[in-house]
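Indexing begins at 1, ligand by ligand and atom by atom, following the structure's order. Side chains are part of it too, since the values below use all heavy atoms of this structure and drop only hydrogens, waters and symmetry mates. In what follows, residues are counted from 1 in the order of the sequence shown.
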Amino acid sequence: MTLWSGRINVEPAKEMMDFSVSINYDKRLAEDDIFASKVHVQGLLFAGILDNEEVTAMTKALDMVDSELKERTFRFDPSDEDVHTAIERRITEIIGEVGAKLHTGRSRNDQVATALRLYSKRQAKELARQVILLQECLLKRAKEAGGAYLPGYTHLQRAQPILLSHQLLAHGWALARDVDRIFQTIRRMDISPLGAGALAGSSLPLDPDLTAKELGFRGRFDNSLDAVSDRDFVAELLFDCSLLAVHLSRLGEEVVLFSSSEFGFYKLDDSWSTGSSMLPQKKNPDIAELARGKTGRLIGHLAGFLTTLKGLPLAYNRDLQEDKEPLFDALDQLMLALPALIGLMETIEFDLDVMASSADSPEMAAVDLAEWLVEKKVPFRKAHKIIGEIVRESLGRGVDLAELVAAHPDLGPEAVQILEPGVAVQRRKTPGGAGIKAVKEQLNNFSERLVADRNLLDQLDGINRE
Ligand code: ARG
């Protein structure tokens, strides 16, 4: 039997049901739906619609459904269109007539929005927690890297030597923005839509402020039409997931490149790499590649869902049911990708000699030579030209750059020491730059930031139901 058997007293067409059911994937909202129903029942008690006895019966029935679902003894019925229908059906089976009062003053429209917000808040927190774990791993590796250096690239051409810790933390800071974004998204999604009803609220004396508080939201909706049709929180979380995935993809791409024989900077641990079914010598960076590859799928979820929202009239439309699969999949994929990437990054062996020798080619100190001239009051554009000419000559004639520097009237033997291995990286002085002192400071700032973000996460745990 359907929930609307009064108005439409025939069985729904099979093909319509096949096309419209969401139970297969919205099952995972069960826990949140039950919690929200318990709070709704309390709200009905305060409104004088239910008495204590009825509330006790309903709460017990809801607990029973909860255990059945957890123990996997809950029997789904083919007529269960979605998780909300399934739970309400079962409650009525357990407590009969009283169960029929559960849906008073509520619609599935505010019900689904409430459950999805509760779910998203919890999952977003878990996502942030995993991102912080990856950041902590990067911090640990950065600390271990000490004074190790490698070439920094622009246009994927060797540009300047930089500390390895600087390179690793560059990814860490991008992730810090992801965490911040997730926190902000959580704040905006932290609004209860319960009490908005189908679209216009209710004629019954319900109190959405009360239920919002009991549900652990920081407030209630301001407009019932907006409350049931607002899926900004899904779109925002999908964006956060997509940009996070873009960052993981870039980290993955770097691992792919750096672990290739052409670079040889990283050696992957055997447990975190795959072999080839045909080529016996191969060791492949599949985790890094999948981190890169999954990103397309996540961006697709964002683009697809924004397209679903575009042009929807107010208020609830069934199109909105399409919010769940992309969101669940985006979160699932990231919750798999992050631990795998942590394992990968944790176990990568850095080949410090290869990195250093790649960064020691004297041309990489070209800008330092130019800046040395600037300190001798040569205008930078002129210094740039002088050094550019020497580099051209060195490469063109196959003469050692040091020899030309030593012989040059504006440079001379004093400038030659800048070309010595490991010297250029020591010369970076500016805050936030790739030099030793600045990176040391950066490591401190980064670890302080992680502590602060962990605290924010704990505070979120405090205000939310665990
Ligand atoms: N399964 C639906 C969804 O996810 C629940 C709301 C259904 N509401 C309705 N009026 N048909 O959006």
Peer 1: Any chance the rings of Phe265 and Phe350 have centres within less than 6.0 Å?
Peer 2: no

Peer 1: Using the salt bridge (charged side-chain N to carboxylate O under 4.0 Å, His left out) rule, pick out the option among Arg297, Lys294, Arg28 that qualifies with Asp329.
Peer 2: Arg297

Peer 1: So which heavy atom on Lys282 is nearest to which on Ser276, and how close?
Peer 2: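 In this case the closest contact between Lys282 and Ser276 is CB-CB, 3.5 Å.
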
Peer 1: Charged N to carboxylate O below 4.0 Å: is that the case for Arg449 and Asp453?
Peer 2: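 Judged by the 4.0 Å cut-off on N to carboxylate O distance, Arg449 and Asp453 do form a salt bridge.
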
Peer 1: Using a 4.0 Å cutoff against the non-hydrogen atoms of Asn109, which atoms of ligand 1 qualify?
Peer 2: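 This gives 8 (N), 9 (C), 10 (N) as the contact atoms.
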
Peer 1: Nearest protein heavy atom to atom 11 (N) of ligand 1, by residue and atom, and its distance?
Peer 2: Arg108 NH2, 3.6 Å

Peer 1: Which pairs count as side chain to side chain donor-acceptor pair (under 3.5 Å) when at least one residue sits in residues 201-210, sequence neighbours excluded?
Peer 2: Asp209-Arg220

Peer 1: Which of the numbered atoms in ligand 1 are below 4.0 angstrom from a heavy atom of Gln321?
Peer 2: 1 (N), 2 (C), 3 (C), 4 (O), 12 (O)

Peer 1: Taking only heavy atoms of Lys324 into account, list the atoms of ligand 1 that are under 4.0 Å away from them.
Peer 2: 3 (C), 4 (O), 12 (O)

Peer 1: At what distance is the nearest protein heavy atom to atom 6 (C) of ligand 1, and which residue and atom is it?
Peer 2: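 That would be Tyr316 OH, 3.4 Å.
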
Peer 1: With the threshold set at under 4.0 angstrom, would you say Gln111 reaches ligand 1 through any of its heavy atoms?
Peer 2: no

Peer 1: At less than 4.0 angstrom from any non-hydrogen atom of Asp82, what atoms of ligand 1 do you find?
Peer 2: 1 (N), 2 (C), 5 (C)

Peer 1: Run the numbers for me: atoms of ligand 1, each under 4.0 Å from some heavy atom of Ser22, listed by number.
Peer 2: 1 (N)

Peer 1: Should we say atom CZ of Phe46 is surrounded by more than 12 heavy atoms from elsewhere, each under 6.0 Å from it?
Peer 2: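 Counting other residues, nucleotides and ligands, CZ of Phe46 stays at 12 neighbours or fewer.
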
